Amino acid sequence: MSGKGARKPSVRKSSPEHRPAGAAESNLSDQIIRGVPSGILAVDREFCVIAANPGAARILGVRPQELENGARLVDVKAITPFVDVVRGVYSSRAANIRKEVLLTVGGEHREIGLSISPLDGPGDFNGVMVLFADITERRNLERSAELNRQLATLGELTAGVVHELRNPLMVVSGMAELLMRDLDPSSKTYNSADIIFQEAQNLERAIAQFLSFAKPFEIAPAPCNPKELCDRIMQLCQPRAQRRSVWLQSTVAQGIGNADLDSARAAQAISNIVGNAIDAVEEKTGKVKLALSQDESELLFEITDNGPGIHLQDGEDLFKPFFTRKESGTGLGLAIAHRIISAHHGKVTYYNRPRGGACFEVRLPIERKRDW
Ligand SMILES: Nc1ncnc2c1ncn2[C@@H]1O[C@H](COP(=O)(O)OP(=O)(O)O)[C@@H](O)[C@H]1O
Ligand SMILES: [Mg+2]
């Protein structure tokens, strides 16, 4: 036991002589602190809780008892990344720092924005005060807005060029395919024609992606059978999986009813994600799984792989147009997927699985939202 539970809060209380007015004041400030939706947490130099409001436990996804006065923050394992950030600021003795941290709260990935300040000023550093809020929605909105701005510019730029390229390219791949029909598959010439065909296909795919950006984006939701949607995604992705000898399978939970979706767009979004998973895994030993389930209000598509997982540098964003680590990548697949999913009022998130590989989660509301 550290005995820190007995440590007095360093927050000044009103003196007894002024009790009537002071008590009312402190009551009021207590009420305000309890009522604010943000999290407020004060800890002493041993990282034991001095004060925490109900918002703190709610945002961090822990039980209020875990943040009781005297509780050791290091013991609250679910918020380790949060504690690490606060500790980092504390040891640097920096004053009034803003940070962001990713936490898994109730199985969901949340972004928490923190403002950390010393409790008694840098000269006498008795602990820290942390003000924080869940900024996941705001960040998602900012990302979508930024993405839409970029997409509009990109659309204008590419529409013209892309149209000019598409037709000749289709002729190239068509001719290469014709040539292959007449050639012996073990010959060198067949191999060359095959390379022309594959590369032309890659270019066509890239052009199709550019066009998706260039066209005005509209979504036409209609009742659709999610199982059929899954089948369509598998159809779209099987050829790519076969080319790389990757095991690709889908599972669909029982009893999934119809959902209001733009099924062509949704299939495009999810097959972009499945396609990336196929690209990410090793040839022959690679495994990719698409699992569809549902809860009361959402369909959940989980795309898991046994690839290297996702490792980003500071400031990198997978969903940003042109972010790619592939030699012949466009960096548009996930940007398009994000756009389609957001237009459905859905969400796409990802995480690295504890046993390796990545998992993308796509949540799509079953019922159409009003502003469609
Ligand atoms: N399942 C995954 N595993 C590892 N990295 C991934 C996965 N999915 C996407 N990525 C990364 O995200 C990047 C962007 O994907 P995307 O927007 O589809 O563009 P592209 O596929 O053209 O590179 C990829 O280049 C890859 O580095
Ligand atoms: Mg891609």
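We count ligands from 1, going down the list as the structure has it; atoms in each ligand are counted the same way. Here the structure is a predicted model, which is why all the values come from computation and not from measurement.
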**Study point:** Check: Arg63 main-chain N/O paired with Glu66 side-chain donor or acceptor under 3.5 Å
**Key:** yes
Revision key, fill the gap. Taken to the nearest 0.5 Å, the spacing of Glu228 CD from Asp231 CG works out to 7.0 Å
Revision key, fill the gap. For Gly329, the ligand 1 atoms with a heavy-atom partner under 4.0 Å come out as 22 (O)
Study note, to complete from the structure: A student checking ligand 1 against Arg325 at a 4.0 Å heavy-atom cut-off should list atoms 25 (O), 27 (O)
Exercise for review: Tell me whether the centres of the aromatic rings in Phe360 and Phe301 are closer together than 6.0 Å.
Suggested key: no
Revision key, fill the gap. of all protein heavy atoms, closest to atom 6 (C) of ligand 1 is Ile310 CG1, 3.9 Å
Check your understanding: Ala280 heavy atoms, cut-off 4.0 Å: which ligand 1 atoms fall inside?
Key -> 2 (C), 3 (N), 4 (C)
Review point. At what distance is the nearest protein heavy atom to atom 26 (C) of ligand 1, and which residue and atom is it?
Key: Lys326 CE, 4.3 Å
Review point. Taking N or O atoms only and a 3.5 Å limit, does Ala358 qualify as a polar contact for ligand 1?
Key: no
Practice item. Using a cut-off of 6.0 Å, state whether more than 12 heavy atoms not belonging to Glu282 lie near its atom CD. Key: no
**Study point:** Check: Glu367/Ser297 side-chain N/O donor and acceptor closer than 3.5 Å
**Key:** no
Point to revise | Numbered atoms of ligand 1 (with element) below 4.0 Å of Gly309, judged on heavy atoms | key: 4 (C)
**Study point:** Side-chain H-bond candidate by donor/acceptor type, Gln31 with Arg34, under 3.5 Å
**Key:** no
Practice item. Under 2.8 Å from the Mg ion (ligand 2), which protein N, O or S atoms are there? Could you list them by chain and number? Key: Asn276 OD1
**Study point:** Nearest-0.5 Å distance that lies between atom CD1 in Ile135 and atom CG in Leu141
**Key:** 12.0 Å
Exercise for review: Ignoring hydrogens and angles, tell me if any N or O in the side chain of Thr136 forms a donor-acceptor pair with the backbone of Glu111 under 3.5 Å.
Suggested key: yes
Review point. Nearest protein heavy-atom contact for atom 18 (O) of ligand 1: which residue, which atom, what distance?
Key: Asn276 ND2, 2.8 Å
Review point. Counting only heavy atoms, which portion of Phe360 has something under 4.0 Å from ligand 1: side chain, backbone, both, or neither?
Key: side chain
Practice item. Could you list which atoms of ligand 1 come closer than 4.0 Å to a heavy atom of Leu318? Key: 11 (C), 12 (O)
Check your understanding: Less than 4.5 Å apart, any side-chain heavy atom of Asn126 and any of Asp44?
Key -> no
**Study point:** Nitrogen or oxygen atoms of Gly331 and ligand 1 under 3.5 Å apart
**Key:** yes
Review point. If you count the atoms of ligand 1 from 1 in the order shown, which ones are under 4.0 Å from a heavy atom of Thr330?
Key: 22 (O)
**Study point:** Under 3.5 Å side-chain donor-acceptor pair for Asn258 and Lys227
**Key:** no
**Study point:** Ser263 to Leu229 - nearest heavy-atom pair and separation
**Key:** O-CD1, 3.4 Å
**Study point:** Polar proximity ligand 1 side, Asp305 side, N/O cut 3.5 Å exclusive
**Key:** yes
Practice item. Anything under 30° is parallel, anything over 60° is perpendicular, the rest tilted; go ahead and classify Phe82 against Phe132. Key: perpendicular
**Study point:** Subset of ligand 1 atoms that lie under 4.0 Å from at least one heavy atom of Ala277
**Key:** 1 (N)
